[in-house]
Amino acid sequence: MDIVFIKQLEVISTIGVYNWEKSVQQKLYFDLEMAFDNKPAAKSDDINLALNYFSVSERVNKFAQENVFELIETMAERVAALIMEEFSVPWIKLTLHKPGALPKAQSLGVQIERGVK
Ligand SMILES: Nc1nc2c(c(=O)[nH]1)N=C([C@H](O)[C@@H](O)CO)CN2
């Protein structure tokens, strides 16, 4: 299986455990590695047969803006599930960074892998 990837996709979301986080928007960054068979798209030069990374990024951005969670684990799980379902992706590795969360750390986050390659 081939991989289509997106690195450091910036989105804004209302996310966090603490009360002050319920009324602010914070930056999150997604790294996505998505298994996909690129051969049909490459053979035909047809975007309709490709995993369109523009469409994926727009969908993730919309989801992050429209949903409120406490945990980044929940956001990661829900985004992985929607990409797999809506874009027919059989396997995904998703890393979610919440860089503003710890002033003394450059970044932090979670990484999940779902599905089968
Ligand atoms: N494993 C996690 N730990 C923490 C999370 C989280 O989402 N997953 N969230 C917070 C707070 O929201 C924090 O980001 C505020 O700075 C603390 N720990």
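Indexing begins at 1, ligand by ligand and atom by atom, following the structure's order.
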Fill in the blank from the handout: Of Q8, Q111, K7, the one forming a side chain to side chain donor-acceptor pair (under 3.5 Å) with T95 is Q111
Problem - Residue G16 vicinity, atoms of ligand 1 by number, heavy atom under 4.0 Å - result: 12 (O)
Handout entry: Close side-chain approach of K27 to H97, heavy-atom, < 4.5 Å
Key = no
Practice task
Name the closest protein heavy atom to atom 7 (O) of ligand 1, giving the residue it belongs to and the distance to 0.1 Å.
Solution key: I72 N, 2.9 Å
Fill in the blank from the handout: The single option from I6, D2, I3 that satisfies side chain to side chain contact (heavy atoms under 4.5 Å, CB included) with M34 is I6
Problem - Protein residue, atom and distance nearest to atom 3 (N) of ligand 1, heavy-atom basis - result: E73 OE2, 4.8 Å
Problem - Atoms of ligand 1 close to A101 [distance to a heavy atom under 4.0 angstrom, numbered from 1] - result: 14 (O), 16 (O)
Handout entry: Element-labelled atoms of ligand 1 that are located less than 4.0 Å from some non-hydrogen atom of L71
Key = 6 (C), 7 (O), 8 (N)
Completion exercise
d(D37 CG, L51 CG) to nearest 0.5 Å is 11.0 Å
Problem - Taking atom 14 (O) of ligand 1 as the reference point, the nearest protein heavy atom with its distance - result: K98 NZ, 2.9 Å
Practice task
Look up atom CD in Q65 and atom CD1 in I12, then write down how far apart they are to the nearest 0.5 Å.
Solution key: 7.5 Å
Handout entry: Within-cut-off N or O pair, V17 and ligand 1, under 3.5 Å
Key = yes
Completion exercise
The closest protein heavy-atom partner of atom 17 (C) of ligand 1 is Y18 OH, 4.1 Å
Fill in the blank from the handout: heavy-atom search around atom 12 (O) of ligand 1 in the protein gives E21 OE1, 2.6 Å
Exercise for the section: State whether the side chain of K98 and the backbone N or O of L108 hold a donor-acceptor pair below 3.5 Å, judged by distance alone. Expected result: no
